[in-house]
Number of protein chains: 2
Amino acid sequence: MDLCDAREALKAKGLTVTEQRLAILQKIFDMGCYFTAKELHQALPSEKRVDLATVYRAVRLFEREGLVRCVGEIGNCRYYAKACIHNPPHAHFRCEKCGRLFCLRPFNFDDSKELISLAGEGFEVRRVTLMLEGLCAKCRKEQLINHEEGGK
Amino acid sequence: MDLCDAREALKAKGLTVTEQRLAILQKIFDMGCYFTAKELHQALPSEKRVDLATVYRAVRLFEREGLVRCVGEIGNCRYYAKACIHNPPHAHFRCEKCGRLFCLRPFNFDDSKELISLAGEGFEVRRVTLMLEGLCAKCRKEQLINHEEGGK
DNA sequence: AATTAGTTGCAAATCGTTTGCAGCTGGTGT
DNA sequence: ACACCAGCTGCAAACGATTTGCAACTAATT
């Protein structure tokens with residue numbers, strides 16, 4: 001199943017359809033690669049007055065239902081992405097300098113036997129989070145330039 | 001360098017040697033696979049009266065200096081491990097049921113060209129965090145048993 | 001339309017972590 | 001041994017993301 005219509009998705013999961021959930025889920029479908037609960041909340045039209053707590057509750061619910069998945073935790077804040085065949089699991093790169101998060105080329109979850117086999121016998125792997133950290137190309141270049149200038 | 005003596009390690013890094021840092025770093029060397037700042041704080045002898053804030057500051061400092069590394073963030077809390085050749089980077093598994101964290105067999109950071117190559121040209125990868133999540137063997141077994149009983 | 005289980009908004013609570021600040025201490029030069 | 005000062009520490013308060021209690025509201029069912 002790979003629904004892009006919020007109402008259909010909620011119904012398919014047997015969830016109560018409310019205005020707030022529709023707005024939140026539709027926004028999730030419209031969002032780019034990843035988002036935080038706060039970004040989601042801010043992206044919602046303010047006249048709808050969806051409470052931040054409601055956004056958190058909805059995201060948690062959608063995560064349990066497999067409509068959304070957590071792609072990483074940075075600082076004390078969680079990043080989510082819509083879970084659908086158009087957005088397969090993939091690694092992320094976080095720049096220590098500018099803080100930006102980059103989506104990397106997908107690693108195939110099912111084929112990545114090697115990653116999953118890291119877990120021992122009897123373990124059930126439901127999620128793999130792969131986060132790389134360091135300097136992005138832009139910040140690395142800037143740092144090199146600064147070093148040169150400083151070294152003169 | 002792979003020091004196991006707290007005082008030597010601090011000196012080698014050019015850091016001020018204080019009673020508190022000695023106690024904290026020595027405890028880190030004595031700790032098992034991973035620890036949180038709070039666990040570290042609680043593990044310290046209470047008569048020393050090392051403040052929790054001091055522990056946080058020390059851990060952050062040690063991380064910057066490469067004595068310690070962050071192995072993952074779960075919920076809003078960070079897990080650290082001592083960084084030394086006896087404790088090479090390795091994946092972790094977190095059980096969704098019991099919350100336990102397991103150390104998995106190490107993946108070789110230097111050899112894992114494949115993981116690092118996920119980042120694009122020009123990116124500098126300084127850290128790789130690989131976290132698997134799901135059910136540990138014990139919780140999985142318990143769940144199977146419960147399902148059987150429930151299905152009778 | 002009545003019922004009810006589930007949902008929402010609001011405010012307050014949590015929890016890990018960070019920070020401001022005044023007092024203390026380690027390391028250096030005398 | 002002494003004085004000095006940058007850097008640490010303890011304390012309490014601040015912070016930011018997330019969760020929760022509760023009373024009012026609403027979707028789905030009868």
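So you know, we letter chains A, B, ... as the sequences are listed, proteins then strands, and number each from 1.
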Nearest whole Å is fine: how far is C:dC15 C1' from B:Ile74 CD1?
15 Å

Can you build the contact string for nucleotides 21-30 of chain D? Use B for base contact, S for sugar-phosphate-only contact, and - for no protein heavy atom under 4.0 Å.
B-----SS--

Any salt bridge linking B:Arg140 with A:Glu124? Criterion: basic side-chain nitrogen under 4.0 Å from a carboxylate oxygen.
yes

Please state how far atom CG in B:Leu52 lies from atom P in D:dT9, giving the value in whole angstrom units.
13 Å

Is A:Glu63 paired with A:Arg69 through a side-chain N to carboxylate O contact shorter than 4.0 Å?
no

Taking it one step at a time, do A:Arg94 and A:Cys136 satisfy side-chain contact (heavy atoms from CB on, under 4.5 Å)?
CA-CA 8 Å; A:Arg94 186 184 118 81; A:Cys136 74; over 6 Å; no

For B:Phe123, ring-ring contact (aromatic ring centres under 6.0 Å, His included) partners two or more places apart
A:Phe93, A:Phe102

Rounded to whole angstrom units, what separation is found between the CD atom of B:Glu73 and the C1' atom of C:dT17?
11 Å

Rounded to whole Å, CZ of A:Arg64 lies from P of C:dG6 at a distance of 13 Å

For the base of C:dC15, is there a side-chain donor-acceptor partner from B:Asn76 under 3.5 Å away?
yes

Would one find a side-chain N or O of B:Arg60 under 4.0 angstrom from OP1 or OP2 of C:dT19?
yes

Degree of bending, the helix from C:dA1-D:dT30 to C:dT30-D:dA1 (end axes from five pairs; round to 10°)
30°

